[in-house]
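Just so you know, residue 1 is the first one in the sequence shown, and it goes up from there. All heavy atoms count here, side chains included; hydrogens, waters and symmetry mates do not.
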Amino acid sequence: MKNYVSFLTNKAALCYLLVSLFAGLGGGFFYPLLGIFVVDGLDATPLQMGVFLAISIFSGVMVSQRIAKLSDVGWERRQIILLAQGAFIVVMALFMMIRDFYLALAVMIFISSFSAAALPQTFALGREFADKNLGDNSTLFVSLMRAMMSLSWVIGPPLAFILYDAFGFNGAFLFAAVTMVISVLIVWRMFPSTKIKETDTQGEVEVRLSWRKIPGAPLYLGAVFMLFLANNMYVMSIPLYVTKELDMAGSVAGQLLGLAAFVEIPVMVLAGLWAAKIAPQRLMVLSAAAACLFYALLFNAGALWQMYALQMLNGLAVGISASLGMVVIQNKMPNQMGVATTLFNNAIMIASLASSVTVGFVAELYNYHTVILAMLLAGAVAFGLLLLSARETRRPSCPSQLVAEA
């Protein structure tokens with residue numbers, strides 16, 4: 001724990017933590033309200049809302065992935081973060097005035113898509129800073145950045161709905177813009193100016209190697225997708241399962257989700273300490289195992305106290321995967337921090353979209369209780385992919401293949 005305290009007394013390290021917090025608050029005030037804004041503010045149908053969200057996610061994935069490649073071969077990360085967070089502020093300003101569906105969709109495609117680059121570039125720059133200045137505490141630091149981001153999402157959504165109830169959409173969007181302005185000021189005044197220096201020949205070869213051909217990387221990203229697919233299905237379906245099939249109050253679902261979040265944040269902090277003694281990918285295997293056990297026990301839980309107790313397992317699984325999931329792919333691609341971090345972030349974004357489709361499909365055919373079996377299946381697939389990825393990573397790569405890629 002002494003290492004974490006040292007981060008708070010290091011001015012540069014503290015800046016990264018504050019950006020994670022304030023940028024996360026900006027997203028936490030906006031994205032939970034986006035679906036309601038599309039339906040109520042833009043008078044869209046549920047089908048239009050689904051199309052809106054899908055196009056928004058895919059445009060963000062495409063733009064952020066392209067920017068990630070450029071950031072690893074020369075584009076300055078600090079400038080990218082400033083532009084991306086600036087785009088978010090512009091979107092908030094426009095959404096305080098726009099009430100037309102197609103105009104809002106155009107804003108999401110052509111402006112908001114650039115803001116998707118802010119989060120992965122922040123964590124890529126944070127990892128590079130930690131590797132250069134913090135030595136063996138690099139994983140600890142990245143874990144704490146992730147914990148700050150998660151904390152912002154514990155605080156942000158409830159406050160967003162309070163502001164929405166009091167002042168409407170514009171009140172929440174204004175507050176989101178203000179928090180992002182604070183983040184921009186910190187990045188502008190205190191973040192270092194960094195560019196990729198193409199002086200090391202071997203480094204150039206590794207940068208040009210496609211992530212698809214890095215041993216273990218595709219399998220690992222598949223595992224990340226499945227893990228977060230399962231978790232997002234849980235977050236989306238548990239309120240409906242509790243209220244529709246167990247005939248409990250909606251507050252019970254909020255308590256379950258809140259308890260899990262309460263456990264996740266300290267686990268994220270502890271995961272950074274555990275990673276100093278245990279390989280992060282092994283801890284990811286533990287995360288998948290805990291997730292599978294959680295879903296299996298949840299499916300058979302017959303009492304409310306059991307569901308409460310099981311949140312310890314849920315918090316352990318999500319805390320480790322959210323904290324160290326990014327670190328593992330960064331370790332596999334040390335000379336492509338931008339691409340690695342963006343791939344991880346995009347896997348989560350696509351999993352979020354896929355989870356809504358999966359929950360709707362399974363619940364329509366069966367019920368919300370059966371959705372838990374779909375979560376278990378996704379968790380089991382993730383567990384298998386993680387084991388395969390670890391085995392493939394241990395295999396020595398062929399030098400001739402690296403040269404060919406160059």
Side-chain angles (χ1 to χ4, degrees), residues 28-29 31-37 39-40 46 49-50 53 150-151 153-166 172 226-267 287-322 351-380:
F29 278 109
Y31 292 109
L33 289 174
L34 184 56
I36 299 175
F37 173 71
V39 173
D40 293 342
M49 181 194 70
L53 297 178
S150 294
L151 178 61
W153 273 81
V154 172
I155 299 171
L159 289 180
F161 281 98
I162 291 173
L163 288 170
Y164 167 64
D165 289 338
M226 298 304 293
L227 269 179
F228 283 91
L229 173 66
N231 181 62
N232 285 325
M233 281 195 286
Y234 171 76
V235 172
M236 184 172 297
S237 65
I238 196 66
L240 296 166
Y241 173 59
V242 166
T243 57
K244 302 293 185 183
E245 297 184 16
L246 300 183
D247 293 324
M248 296 181 182
S251 59
V252 172
Q255 291 166 7
L256 291 172
L257 294 173
L259 181 58
F262 182 77
V263 176
E264 287 167 23
I265 294 177
V267 168
S287 170
C292 290
L293 182 59
F294 167 66
Y295 300 133
L297 294 176
L298 180 65
F299 183 78
N300 294 290
L304 183 57
W305 70 265
Q306 294 174 333
M307 298 177 70
Y308 283 131
L310 287 175
Q311 298 311 308
M312 297 295 291
L313 269 177
N314 188 25
L316 176 67
V318 177
I320 293 175
S321 59
S352 176
L353 178 62
S355 65
S356 61
V357 177
T358 306
V359 168
F361 181 75
V362 174
E364 181 71 22
L365 288 179
Y366 302 100
N367 51 45
Y368 290 108
H369 190 215
T370 308
V371 174
I372 300 175
L373 290 180
M375 301 174 203
L376 178 58
L377 177 61

Of the non-hydrogen atoms in [X] and [Y], which two are nearest, and what is the gap between them?
| X | Y | value |
| --- | --- | --- |
| L227 | A291 | CD2-CB, 4.4 Å |
| Y368 | V359 | CE2-CG1, 4.2 Å |
| A363 | V371 | N-CG2, 4.2 Å |
| M233 | A378 | CE-CB, 4.3 Å |
| A172 | F29 | O-CB, 4.0 Å |
| A380 | C292 | N-SG, 3.4 Å |

How would you list, by chain and number, every residue that makes a side-chain hydrogen bond (donor to acceptor under 3.5 Å, both in side chains) with [X], sequence neighbours excluded?
| X | value |
| --- | --- |
| D40 | none |
| T243 | none |
| Y234 | Q311 |

Separation between [atom1] of [X] and [atom2] of [Y], rounded to the nearest 0.5 Å:
| X | Y | atom1 | atom2 | value |
| --- | --- | --- | --- | --- |
| I238 | L298 | CD1 | CG | 5.5 Å |
| M236 | N231 | CE | CG | 11.0 Å |
| L297 | M307 | CG | CE | 12.0 Å |
| I265 | W153 | CD1 | CH2 | 13.5 Å |
| L310 | L256 | CG | CG | 9.5 Å |
| K244 | S237 | NZ | OG | 13.5 Å |

*Give the C-alpha distance, both sets of side-chain angles, the deciding distance and a yes or no for side chain to side chain contact (heavy atoms under 4.5 Å, CB included) between Y366 and L373.*
CA-CA 11 Å; Y366 302 100; L373 290 180; over 6 Å; no
Would you say the side-chain atoms of [X] pair up with the backbone N or O of [Y], donor to acceptor, closer than 3.5 Å?
| X | Y | value |
| --- | --- | --- |
| E364 | G360 | no |
| H369 | F299 | yes |
| E245 | N367 | no |

*Can you check whether V318 reaches F294 side chain to side chain, under 4.5 Å on heavy atoms?*
no
*Side-chain contact test, heavy atoms from C-beta onward, threshold under 4.5 Å: evaluate it for Y308 versus V252 and give yes or no.*
yes
*Just do the side chain to side chain contact (heavy atoms under 4.5 Å, CB included) check on L316 and V263 with the steps written out, would you?*
CA-CA 7 Å; L316 176 67; V263 176; 5.7 Å; no
*Count the heavy atoms of every other residue, nucleotide or ligand shown that sit under 6.0 Å from CE of M248, and state whether that count exceeds 12.*
yes
*Might you confirm whether atom CZ of F361 has over 12 heavy atoms from other residues, nucleotides or ligands at distances under 6.0 Å?*
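Counting neighbours around CZ of F361, 12 or fewer heavy atoms of other residues, nucleotides or ligands fall under 6.0 Å, so no.
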